[in-house]
Structures are given as C-alpha cells and as structure tokens.
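This structure is in structure tokens; I'll ask about it shortly.
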Amino acid sequence: MDDAYDWITTPLTGDLLRGALELERTAHGGLFPHRLPAAARARARGDEQVAQAEAQPSGVRVVFRTRATAVALDVRRTVMGHRGLPPLPNGAYDLYVDGEPAARATASGGDVLMVDLSDGAREVFPGDPGSVTFTGLPARDKRVEIWLPYTETVELLGLRTDAPVSPEAPSGRRVWLHHGSSISQGSCADSSATAWPALAAAAGGVELVNLSLAGSALLDPFTARALRDTPADLISVKLGINVVGADVMRLRAFGPAVHGFLDTVREGHPTTPLLVVSPVLCPAHEDTPGPSAPDVSGGEVEFVALGDPAETAAGKLTLRVVREELARITAERAASDPYLSYLDGRDLYGEADHAELPLPDRLHPDAAAHRRMGERFGAFAFGPGGPFAAVGGRG
C-alpha cells in the first residue's frame with residue numbers, strides 16, 4: 001500500500017504536537033512525548049508505574065494542515081502484555097478531520113513489555129519499528145489530528161503524507177488541564193480520543209492537556225508542581241481512588257496531603273477555575289479499604305479489595321470516607337477561594353449507572369460509561385452556571 005503514494009517525509013517537531021508537557025529527542029532521531037516534565041520524572045525515578053503511565057500519551061495528538069489524501073505515522077511503540085493472559089488489544093490511533101472523527105487504525109511492529117501480575121516482574125521483548133496509515137482522506141485543505149493511544153508508549157519516528165503539511169495555528173481555545181487516575185487516562189475506553197476527558201473537552205470546546213497517571217494519582221508533590229507550572233485556563237483534579245487502592249495513607253495524612261496538593265497548584269494558578277472531583281462509584285472499595293490487587297483466576301483481570309472494613313475506625317480510607325473528606329476540604333477552602341468548586345464523582349457514574357453498565361474489571365468503567373461520563377462532565381462543567389462556563393484569563 002505504501003508503494004502507491006509519493007510520500008513526503010516531514011520531521012516531527014513540537015509545533016506539530018499538542019497535549020504533551022515535554023518532548024524528548026531520542027537516539028533514533030525520533031520524538032518521545034512525555035506527560036510529566038523531566039524534573040517530575042526525576043522525583044519519581046525508580047517508580048515503574050509512574051514512568052509507564054506518564055509515557056503513555058493519553059490526550060497527546062499530532063496536529064497539522066494538509067491537502068493529503070494519505071497519512072502515515074512511523075512509530076516505535078511499546079505494548080504491554082500480562083504473562084499467562086491473552087494479548088491486550090492494540091492501542092487505537094484516531095484520526096480527526098476538521099474536528100470530526102474520520103478513521104481509526106492500529107500500528108504495526110513494536111516492543112512487548114511482559115508483566116507478571118503475581119510478582120510484578122517485567123521483561124521486554126524487542127520488536128521492529130512500525131507505522132499506522134490512513135488513506136482516502138478528502139483532497140482539500142483541512143486540519144488533521146491524530147490522537148495517540150493511552151495504552152502504548154510511542155516514539156514518533158516520522159510523518160509521511162502525499163502532500164505537504166504545515167503547522168496548525170493555535171486555536172485560541174481555552175486550555176483545560178486535568179489530572180486523575182487510570183480512568184481519566186482512558187482505561188477501558190475505546191481510545192484516547194474517546195476517554196471521558198477528551199469527550200468532555202470536545203463538548204466544552206477546549207484544548208485538553210491530560211495529566212492523568214494510571215495507578216499514580218497519589219497526591220505526589222512532583223505532580224502538583226507539574227500542574228502548578230503548566231499554563232492553563234481551567235484545571236480539574238480527580239482524586240481518591242488510587243490513594244485507596246494503593247493503601248498509601250490513613251485519614252490523618254490524607255487531609256493535609258490534599259491541602260498541600262491544592263496549595264501547590266494555587267501557587268501557579270491563584271485565580272484559575274479549579275474543580276476537585278471525587279471518585280466515581282466502585283462497589284469494591286465503597287466501604288472496604290485497600291489495598292486492591294488483580295485477580296486472574298478466571299482467565300481475565302479483575303480487581304479485588306483486600307482491606308478489612310473494620311479498619312476504617314483506625315483511619316484506613318474507603319471511597320466513602322474520601323468523598324466526605326474532599327467535600328469538606330473543598331467547602332472550607334471555597335470560603336476564601338471563589339474559583340474553587342467540587343463535583344461528586346458519583347454524579348458522573350453512580351449506582352444506577354453501575355446497574356446498567358457494570359465495571360468490567362470491577363474497577364474501570366467501560367467505553368459506554370466513558371461516553372456517559374464525558375457527556376455529564378461536559379454538561380456540568382461547561383454548561384450554563386458551571387465552574388468552567390465563564391471565559392476567563394489564565395491565572
């Protein structure tokens with residue numbers, strides 16, 4: 001199929017990418033998008049979960065103008081596998097033309113990172129570079145946007161088209177900076193472009209920077225500083241599920257940690273609309289503390305809560321406790337911070353939603369639930385009277 005086109009190769013540079021906080025030039029001459037800056041990655045050195053999550057380019061997209069009818073993105077990707085389980089689906093690359101979904105494809109080639117869920121052991125099986133190709137695009141000047149997958153790490157090696165490309169001028173739209181857990185990163189959505197934050201951003205007409213970190217939304221100071229230092233017109237932080245699931249702190253530490261996290265964000269954004277979102281419904285952890293752990297006894301990954309509900313009396317965290325504390329903290333701070341607001345995550349996905357669209361792995365909403373969450377967040381946050389409705393300058 002490649003031989004049918006007279007390809008023009010365009011070097012990938014920062015003016016062709018959106019949604020990354022930092023771009024690393026690689027030894028292969030490619031471009032590697034990071035969702036945490038180098039200073040934050042240094043603070044998390046040795047934490048493979050953080051390193052993997054920030055390198056998976058959820059919300060990162062290649063954006064340009066062209067009259068091309070064929071587009072190929074050459075990549076060196078790393079896909080994850082779980083030892084003893086069927087291979088995970090390939091990550092989806094979604095192509096949009098002038099803001100409308102036009103095609104979806106997967107990349108060929110790539111390394112495989114095999115993880116043993118029983119002990120966390122990891123082994124890399126090297127593969128070859130590959131590409132993802134889109135054809136049959138309209139032969140007119142247009143804005144092309146390729147959303148990279150949230151499930152793979154992607155080194156961008158080159159962009160090939162059958163007509164010249166040029167950078168797309170900045171849209172002038174407000175920038176929404178969002179931080180959350182694996183659900184916000186996209187887990188169980190069809191693609192990065194159809195994860196609930198991306199759908200909500202489309203509904204609100206804003207540019208998304210998705211700083212969600214699967215398994216690592218743990219109130220880390222380095223994440224707060226990354227939020228502080230990133231230009232944004234709107235900010236949301238969805239907190240709690242990873243703190244419970246990882247069982248990293250008790251109630252005594254959680255409250256001050258939330259205050260410290262918000263204090264740091266406010267150092268860089270004193271008047272930016274800031275929305276605190278509590279966890280969506282997860283029956284396994286509503287009244288049972290963490291830790292949570294994967295269970296593969298049925299041949300598929302499901303997550304189970306291992307804590308003892310009786311331990312909540314000693315300060316162990318459940319989702320119900322976390323929501324109460326986040327609501328209290330936000331209300332107290334809002335008395336002197338008129339730009340701060342709160343959303344109960346169960347308004348995005350609650351008991352009725354779980355009855356209709358149960359969590360497939362007992363932790364992450366499925367693709368249909370992502371769509372519902374995106375619609376609801378968009379209506380709440382960007383609708384009339386919502387915390388993100390009013391147009392304001394960067395704070």
Practice item. Using only heavy-atom distances, determine whether the side chains of Ser236 and His178 contain a donor-acceptor pair under 3.5 Å. Key: yes

Review point. So, are Glu155 and Arg25 salt-bridged, with charged N and O less than 4.0 Å apart?
Key: no

**Study point:** Polar side-chain atom of Thr312 near backbone of Lys316 as donor-acceptor pair, under 3.5 Å
**Key:** no

**Study point:** Shortest non-hydrogen separation from Leu319 to Val244 and the atoms involved
**Key:** CD2-CG2, 3.9 Å

Practice item. Begin from the C-alpha positions of Arg173 and Glu207 and carry the test salt bridge (Lys or Arg N to Asp or Glu O under 4.0 Å) through to its verdict. Key: CA-CA 6 Å; Arg173 299 189 298 179; Glu207 292 281 345; 2.9 Å; yes

Revision key, fill the gap. Distance col, row Asn90:CG vs Thr106:OG1, nearest 0.5 angstrom, shows 4.5 Å

Practice item. Verify the distance criterion only: is there a donor paired with an acceptor across the side chains of Thr194 and Ser191 at less than 3.5 Å? Key: yes

Practice item. Could you tell me whether the side chains of His285 and Arg320 share a donor-acceptor contact shorter than 3.5 Å? Key: no

Practice item. Find out if a path of hydrophobic residues (ILVMFWY) with successive side-chain heavy-atom gaps under 4.5 Å connects Phe261 to Leu21. Key: yes

**Study point:** Step-by-step salt bridge (Lys or Arg N to Asp or Glu O under 4.0 Å) determination, Arg328 to Glu332
**Key:** CA-CA 6 Å; Arg328 180 191 66 79; Glu332 290 179 356; 2.9 Å; yes

Study note, to complete from the structure: Separation between CG (Leu262) and CG (Leu340), nearest 0.5 Å, reads 6.5 Å

Review point. Does Glu24 offer a backbone N or O that forms a donor-acceptor pair with the side chain of His34 under 3.5 Å?
Key: no

Check your understanding: Would you call Arg35 and Glu54 a salt bridge, using N to O less than 4.0 angstrom?
Key -> no

Point to revise | Test log, rule side-chain hydrogen bond (donor to acceptor under 3.5 Å, both in side chains), inputs Ser182 and His364 | key: CA-CA 8 Å; Ser182 58; His364 303 101; 2.7 Å; yes

**Study point:** Shortest non-hydrogen contact from Cys282 toward Arg323
**Key:** N-NH2, 4.5 Å

Review point. Does the side chain of Val296 reach to within under 4.5 Å of the side chain of Glu300, using non-hydrogen atoms?
Key: no

Review point. Is any NZ, NE, NH1 or NH2 atom of the basic residue among Arg372 and Asp366 found under 4.0 Å from an Asp or Glu carboxylate oxygen of the other?
Key: no

Check your understanding: Salt bridge check: are Asp263 and Arg228 linked by an N-O gap of less than 4.0 Å?
Key -> no

**Study point:** Side-chain heavy-atom pair Thr9, Leu159 within 4.5 angstrom cut-off
**Key:** no

**Study point:** Linked, directly or transitively: Leu213 and Leu177 (ILVMFWY side chains, under 4.5 Å)
**Key:** yes

Point to revise | Pair Tyr150-Ser212, side-chain donor/acceptor within less than 3.5 Å | key: no

Practice item. Determine, stepwise, if the pair Arg376 / Asp347 fulfils salt bridge (Lys or Arg N to Asp or Glu O under 4.0 Å). Key: CA-CA 8 Å; Arg376 289 178 176 172; Asp347 292 340; over 6 Å; no

Check your understanding: Under a 4.5 Å cut-off applied to non-hydrogen side-chain atoms, are Tyr96 and Val144 in contact?
Key -> no

Review point. Under a 4.5 Å cut-off applied to non-hydrogen side-chain atoms, are Tyr5 and Thr161 in contact?
Key: no

Review point. Going through the checks in order, is the side-chain contact (heavy atoms from CB on, under 4.5 Å) test met by Asp94 and Asp190?
Key: CA-CA 10 Å; Asp94 282 356; Asp190 288 330; over 6 Å; no

Exercise for review: Report yes or no: do Phe134 and Leu12 belong to one cluster of Ile/Leu/Val/Met/Phe/Trp/Tyr joined by side chain heavy-atom distances under 4.5 Å?
Suggested key: yes

Check your understanding: Backbone N or O of Thr230 within a donor-acceptor pair of the His269 side chain at under 3.5 Å?
Key -> yes

**Study point:** Flag if over 12 foreign heavy atoms under 6.0 Å of OH, Tyr339
**Key:** no

Practice item. Using atom types as modelled and distance alone, determine if a side-chain donor or acceptor of Asp47 lies under 3.5 Å from a backbone N or O of Ala44. Key: no

Check your understanding: Going from CD on Glu152 to OH on Tyr93, what distance comes out if it is rounded to the nearest 0.5 angstrom?
Key -> 4.5 Å

Check your understanding: With a 4.5 Å limit on heavy-atom distance, are the side chains of Ile183 and Met373 in contact?
Key -> yes

Review point. If you round to the nearest 0.5 Å, how far is CG of Leu113 from CZ of Phe125?
Key: 9.5 Å

**Study point:** Sidechain N-carboxylate O distance under 4.0 Å for Asp337, Arg266
**Key:** yes

Review point. Taking atom types as modelled and ignoring hydrogens, do the side chains of Thr69 and Asp162 form a donor-acceptor contact shorter than 3.5 angstrom?
Key: yes

Check your understanding: Are the side chain of Arg41 and the backbone of Leu36 linked by a donor-acceptor contact shorter than 3.5 Å?
Key -> yes

Practice item. Decide yes or no for Phe382 and Pro387: does some side-chain heavy atom of the first lie under 4.5 Å from some side-chain heavy atom of the second? Key: no

**Study point:** Pairwise side-chain contact, Leu359 with His354, heavy-atom cut-off 4.5 Å (strictly under)
**Key:** yes

Practice item. Considering only NZ, NE, NH1 and NH2 on the basic side and carboxylate oxygens on the acidic side, decide whether Arg143 and Glu145 come within less than 4.0 Å. Key: yes

**Study point:** Non-hydrogen atoms of Gly345 and Val277 that approach each other most closely
**Key:** CA-CG1, 4.4 Å

Review point. Taking side chain as C-beta onward, heavy atoms only, is Thr26 less than 4.5 Å from Leu31?
Key: no

Point to revise | For the student: nearest non-hydrogen atoms of Phe32 and Thr153, plus distance | key: CZ-CB, 4.1 Å

Practice item. Give a yes or no answer on whether the side chain of Arg65 reaches the backbone of Glu168 with a donor-acceptor pair at less than 3.5 Å. Key: no

Point to revise | Polar side-chain atom of Arg346 near backbone of Val280 as donor-acceptor pair, under 3.5 Å | key: no

Check your understanding: Going through the distances and angles, do Asp361 and Cys188 end up as a side-chain contact (heavy atoms from CB on, under 4.5 Å)?
Key -> CA-CA 9 Å; Asp361 61 2; Cys188 290; 4.3 Å; yes

Exercise for review: Check the angle between the aromatic planes of Trp196 and Trp176 and answer parallel, tilted or perpendicular using the 30° and 60° thresholds.
Suggested key: tilted

Check your understanding: Any idea which heavy atoms bring Leu239 and His179 closest together, and the distance?
Key -> CD2-CD2, 4.2 Å

Exercise for review: Please round to the nearest 0.5 Å and tell me the distance separating atom CG of Leu281 and atom CD of Glu286.
Suggested key: 4.5 Å

Point to revise | Asn242 side chain vs Ser216 backbone, donor-acceptor pair below 3.5 Å | key: yes

Review point. Thinking salt bridges, do Asp111 and Arg77 make one under a 4.0 Å N-O criterion?
Key: no

Exercise for review: Would you name the heavy atoms of Gly59 and Asn210 that are closest together and state the gap between them?
Suggested key: CA-CB, 4.4 Å

Check your understanding: Is the backbone of Ala214 close enough, under 3.5 Å, to the side chain of Gln49 for a donor and an acceptor to pair up by distance?
Key -> yes

Check your understanding: Thinking salt bridges, do Arg225 and Asp220 make one under a 4.0 Å N-O criterion?
Key -> no

Check your understanding: Do side-chain atoms of Ser108 reach the backbone of Ser131 as a donor and acceptor pair under 3.5 angstrom?
Key -> yes

Review point. Does the salt bridge (Lys or Arg N to Asp or Glu O under 4.0 Å) test come out yes or no for Arg140 and Asp98, once each step is laid out?
Key: CA-CA 11 Å; Arg140 56 173 169 80; Asp98 292 330; 2.6 Å; yes

**Study point:** Same cluster (ILVMFWY, side-chain, under 4.5 Å), Val50 and Leu219
**Key:** yes

Exercise for review: Please name the residue in the list Val321, Thr318, Val322 that meets the side-chain contact (heavy atoms from CB on, under 4.5 Å) test with Leu251.
Suggested key: Val321

Review point. Will you find, in the side chains of Gln56 and Gln185, an N or O donor that is under 3.5 Å from an N or O acceptor?
Key: yes

